[in-house]
There are 2 protein chains.
Amino acid sequence: MGDQQEKDALFDALAEAAKALGNGRRAQLIDILGQGERSVDELAAEIHQSMANTSQHLQRLLRAGLACSRRSGTRIYYSLASPAVERLWRALRETAEAHSGELGDLVRAYVGDRDGLSMITRDELLLRLRQGDVVVLDVRPQPEYEAGHIPGALSVPFSDVKSRLREVPQGSEIVAYCRGPYCLYADEAVRLLTDEGRLATRLEEGFPEWKAAGLPIEHSAT
Amino acid sequence: MGDQQEKDALFDALAEAAKALGNGRRAQLIDILGQGERSVDELAAEIHQSMANTSQHLQRLLRAGLACSRRSGTRIYYSLASPAVERLWRALRETAEAHSGELGDLVRAYVGDRDGLSMITRDELLLRLRQGDVVVLDVRPQPEYEAGHIPGALSVPFSDVKSRLREVPQGSEIVAYCRGPYCLYADEAVRLLTDEGRLATRLEEGFPEWKAAGLPIEHSAT
DNA sequence: TTCTTATTTAAGTAGGTACTTGAATAAGAA
DNA sequence: TTCTTATTCAAGTACCTACTTAAATAAGAA
């Protein structure tokens, strides 16, 4: 007990979990899995990688204890191992953001200019929901909506917003949300709706943050 | 804006911070830096690595935005870049611990059996401090005590406990603390004191957790 | 049974990482 | 100035990682 070799082994094991997060593709997988469970082929499509490569990344997450999997017929569904993983991912983002400069530039390069974009916080949305004068739009892909969404939200995946405009109730303000701060679905939806003359706003954060705050969640009957 | 290449670059940058933590030696450095700033040679001695290798690890932490450094004469002192890093490190530990099994075994192998060890929580210690019937012992190395400690604590580094027994006031219960749950200094101090017939207890957590909880801290006049 | 689809495994390669050793800086002391 | 000490840099090597392609499983459908 207490010798250097064992100490090194302990810290190596802790570092294993960090290594699992230490790859851009796996970080994306964690971000997506934060929305709910997904199959390997869906995940491969999301991160634009081959099935083989995606499978290997997922198994790395499995081994590190960040993800878990279940088989259903011919498909295998992966999900985050515990809420602690969600906290770890958020802490990593906050740390990287505090290291001002580089990451900010990359976010700006990917996300573009959000200056003209109307945004509201979670607390504001809660208030408006109680008043009952907003329509909430979940613009993430359908499977993520089905795995869990803000109660009362309508599922209109980003790619369908334009064609399904008529389904969105008129008259009240629209609040769109997606995966989180690094997700553009809600941004684009708000821009599109605004162009159509609707009053639309983006929720600052995404579904995982809503869930992590302990707020109520609705699941689709399957 | 919004293309795959930029998205990959953004997540690669986030993964960079995780990669920096993804090495046992650097994880140890982060754990030690959580106690306060230290010079390169002190850190090299702590992790039992060469100066060159330690320096390279520290520069990796620097580049990733997890650490920062300042020069003072011929020495360069490294410290954590922000409290967010401390949160990240804690989240990583919690995640790894949730992945029951392997890590538990490694902790047990390094830490040994804590069953016979008397422990108190932070809240209990706060209560006892208010009652004024405890002596608090900081058994970490002197530089860590100087960089910040629990108010009123006496600095008796682990290696000196045996020879400096007389300095520890008799009559009241002793509470020893160190770096945190993976640190053995307080364990050993409590065993030693108990063998000498003193009433000694270990603080469950360490100094970084005390600091993170926003509790008061005392610094040595230098 | 054979066929199909989803996933994993195996093998190979280019590039990255963690150490080592020895030389180069950089600040202060003599 | 030279000497000393703390730190960094440079170059080399053994090992590890992220991807590729092609073959192997594994479950369900026909």
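A note on names: the letters A, B, ... follow the listed sequences, proteins ahead of strands, and every chain is numbered from 1.
In this entry the distance linking CE of B:Met51 with P of C:dG22 reads 16 Å, nearest Å. Rounded to an integer number of Å, the gap from A:Lys19 NZ to D:dC15 C1' is 11 Å. One interatomic measurement links the two molecules: CD1 of A:Ile76 to P of D:dA27, which rounds to 9 Å at whole-angstrom precision. If you take CD of B:Glu37 and P of D:dT7, they are 12 Å apart, rounded to a whole angstrom.
Applying the 4.0 Å criterion to OP1 and OP2 of D:dT8, one finds that B:Tyr78 has a side-chain N or O inside that range. At the phosphate of C:dA18, OP1 or OP2 sits under 4.0 Å from a side-chain N or O atom of B:Arg26. For C:dT9, the OP1/OP2 oxygens have a side-chain nitrogen or oxygen of A:Gln59 closer than 4.0 Å. When the side-chain nitrogen and oxygen atoms of A:His57 are compared with OP1 and OP2 of D:dT17, none of them lie within a distance under 4.0 Å. For C:dT5, the OP1/OP2 oxygens have no side-chain nitrogen or oxygen of A:Thr74 closer than 4.0 Å. Residue B:Arg25 places at least one side-chain N or O under 4.0 Å from the OP1 or OP2 atom of C:dC19. Taking side-chain N and O atoms only, A:Ser55 has no distance below 4.0 Å to OP1 or OP2 of C:dT7. At the phosphate of D:dA18, OP1 or OP2 sits under 4.0 Å from a side-chain N or O atom of A:Asn23. Contact annotation: A:Arg60 reaches the phosphate of D:dA18 (side-chain N/O to OP1 or OP2, under 4.0 Å). Note on A:Asn53: a side-chain N or O is less than 4.0 Å away from OP1 or OP2 of D:dC19.
Atoms CG and CG, from B:Leu58 and B:Leu66 in turn, are 11.5 Å apart once rounded to the nearest 0.5 Å.
There is a side-chain donor-acceptor pair under 3.5 Å between A:Asp138 and A:Tyr177. Remark: the A:Arg25 side chain and the A:His57 side chain contain no N/O donor-acceptor pair separated by less than 3.5 Å.
Within 4.0 Å of A:Asp41, counting heavy atoms only, lie sugar-phosphate atoms of the nucleic acid but no base atom. A:Tyr77 comes within 4.0 angstrom of no nucleic acid atom, judged by non-hydrogen atoms across all strands. Within 4.0 Å (heavy atoms only), A:Gln56 reaches at least one base atom of the nucleic acid.
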message = Test salt bridge (charged side-chain N to carboxylate O under 4.0 Å, His left out) on B:Arg179 and B:Glu205; report intermediate values, then the result.
response = CA-CA 8 Å; B:Arg179 289 173 179 160; B:Glu205 304 169 308; over 6 Å; no

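Judged by Watson-Crick or G-U wobble contacts below 3.5 Å, the nucleotide D:dA29 has C:dT2 as its partner. D:dA10 is paired with C:dT21 under the Watson-Crick or G-U wobble criterion, all donor-acceptor distances under 3.5 Å.
A cation-pi arrangement is present between B:Arg140 and B:Phe207 under the rule of less than 6.0 angstrom and at most 45 degrees off the ring axis.
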